[in-house]
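For reference, the structure discussed in these notes is given below.
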Amino acid sequence: MAAENHDGAGARCVLDEQEITRALRRMAGEIAERNRGAAGVALVGVRRGGVPLAYRLRALLREAEQLDVPVGAVDITLYRDDAATALPAPHIGRSDIHFPVEDHVIVLVDDVLFTGRTTRAAIDAIMDYGRPRAIQLAALIDRGHRELPIHADYVGKAVETRRDERVDVRLDQEGAADAVLVSVAR
Amino acid sequence: MTSPLRHLLGIEELSARDIVQFLDTSEVFFDVSRRRVRKVPTLRGKTVINLFYEASTRTRTSFEVAGKRLSADVINLSVSASSVSKGESLLDTVKNLEAMHPDVIVVRHASSGAAHFIARHTRAAVVNAGDGTHEHPTQALLDAFTIRRAKGRLADLVVTIAGDIAHSRVARSNAILLRRLGAQVRFCAPRTLMPVGVETYGVEVFDDLGRAVEGADVVMMLRIQRERLTEALIPSTREYARTFGLNARILERAKPDAIVMHPGPMNRGVEIDSDVADSPRSVILDQVEAGVAVRMGVLYLLAAEAGQSPLS
């Protein structure tokens, strides 16, 4: 386990840029191993944090398996278990799944796995596109505190957090290295 | 939305930003209607009442489908307009509906201002589905949605609206919306079918369809209501078709990629020729598809608010 560095006011870095890349490369390897290659696999990022990770995993799968797998995105706003009471009406992103769900093992990709409610909503959303062969879950960070019986098949790093802490996955931000930061929510 | 909207009573009350948010939200629901499962669980447990004082199968059905695709419970109430003393009975109806705790009331009424009246007496969100000659905001939104999908934008487009403008809430709501988003609007009708005070609408006024269509990006034809004949506002349907009906020859004067719209139901051979209505340039059926998406967007944005605010 890498040493946890401190970054600024109370935020601790739990993964740096290199560690993120290594974790994703290992996850891509595990996806290919478990599914006996990349054929038939499709990656679906959970908006918004999961989408760039899905594209990175595709690039890593291409390196390892010489195959481009389809990538989609799913927005869970309409499937939230608090959709009818959440205020104000949240902005809805578009779901883009342009391949037949039926023929694929879908790997849902999210940045942080927390209560599991987002994953539950994402599974429901995907099922409304069709009946996939299987759905697997990949999360860069598993921070615990599950409220539903959901677990990840591929985890970048399991991080112990307090419920009131924030986990920020910083990717592709101008002038800043990729990192995963844990801080106290204000 | 900057200040969340409680009701959708007219386009007049909406800012350009509000309109764009309605259109953008509706894009998401347009996708939902093309999926294998054309339904999302978002409004489970919410109740939508369609209160129609005027017969309108297509608008009512469109709202009904929209509500069902959001998993709301949809109740259709058609009230005969012949019931006694209207103001009183409308208030009584609203009080009765209020006791059923609806989240959204969709209302169509022959009197301008009916939706506003109901909004003052209910906790539910109210959607105006057409009130007299006043407004028909969801029609204007679905028209704008259709135009935006076909043309990629609304700003700087030339939109010609032709037909019975005087009695058309569709023309009114469309003119307000299109101008607010930067389009150029033209009205074309015989003088007897042009509203009083049309100068204040900020539109160009024509009484010659050919000239009104010249260089247009969008040509929107409105239904000519046969009862106007008995009011002697037009000489005969044949005469009207000859001077104000859209045919292929007149459409040639519009831009080569111009689209043709009609809110329905059409009088083929009167305000629009069949070969135009069925041509590849016609987006009339796209308007129907857009209608469901836009009404889903409207119900979604309003129902999230409904039941939260106190009676104002």
Side-chain angles (χ1 to χ4, degrees), chain A residues 42 44-48 50-51 70-106 108 115-135 147-148 150, chain B residues 1-8 17-18 20-48 66-73 101-104 124-125 149 293-294 296-309:
Chain A
V44 174
V46 179
R47 280 204 198 281
R48 288 149 54 184
V51 178
V71 175
V74 68
D75 185 282
I76 59 112
T77 310
L78 300 174
Y79 292 84
R80 285 166 58 137
D81 50 19
D82 58 354
T85 51
L87 279 175
H91 169 80
I92 323 171
R94 291 181 90 149
S95 291
D96 296 303
I97 296 179
H98 297 299
F99 49 85
V101 162
E102 278 82 0
D103 306 337
H104 287 96
V105 171
I106 305 283
L108 260 181
T115 62
R117 289 180 191 268
T118 299
T119 306
R120 194 281 308 161
I123 292 171
D124 280 355
I126 286 173
M127 291 293 191
D128 281 352
Y129 283 85
R131 184 175 186 272
R133 291 218 313 270
I135 298 180
E147 293 168 6
L148 293 172
I150 277 169
Chain B
M1 214 157 283
T2 33
S3 61
L5 284 168
R6 277 259 290 135
H7 309 289
L8 177 61
R17 248 179 91 179
D18 294 335
V20 169
Q21 173 159 25
F22 275 121
L23 299 181
D24 289 348
T25 305
S26 304
E27 290 285 350
V28 174
F29 293 111
F30 189 86
D31 295 346
V32 169
S33 285
R34 290 189 165 189
R35 297 187 327 197
R36 194 187 67 128
V37 175
R38 290 179 285 278
K39 196 180 181 85
V40 289
T42 319
L43 296 191
R44 254 183 57 198
K46 298 268 185 183
T47 302
V48 175
K68 286 181 170 168
R69 288 194 179 159
L70 288 166
S71 301
D73 295 308
H101 304 288
D103 298 283
V104 182
R149 278 190 82 89
V294 162
M296 286 174 81
V298 168
L299 291 177
Y300 169 76
L301 288 172
L302 294 183
E305 291 297 317
Q308 309 282 333
S309 341

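Residue numbering restarts at 1 for every chain, and letters A, B, ... go by the order of the sequence lines.
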Exercise for review: Answer whether the closest heavy-atom distance between the side chains of B:Val40 and B:Arg35 falls below 4.5 Å.
Suggested key: yes
Study note, to complete from the structure: Between B:Val294 and B:Ser26 the two heavy atoms that sit nearest each other are CA-OG, 3.4 Å
Point to revise | Over all atoms of both residues, closest heavy-atom pair of A:Gly93 and B:Val28 | key: O-CG2, 3.9 Å
Study note, to complete from the structure: Scanning both residues in full, the closest heavy-atom pair of B:His7 with B:Ala124 reads CE1-O, 3.2 Å
Exercise for review: Could you list the residues that satisfy side chain to side chain contact (heavy atoms under 4.5 Å, CB included) with A:Val51, not counting sequence neighbours?
Suggested key: A:Arg47, A:Tyr55, A:Ala73
Study note, to complete from the structure: CG (B:Leu302) and NZ (B:Lys46) are apart, to the nearest 0.5 Å, by 11.0 Å
Revision key, fill the gap. Those residues of residues 118-130 of chain A that come under 4.5 Å of chain B on a heavy-atom basis, listed by number, are A:Met127, A:Asp128, A:Tyr129, A:Gly130
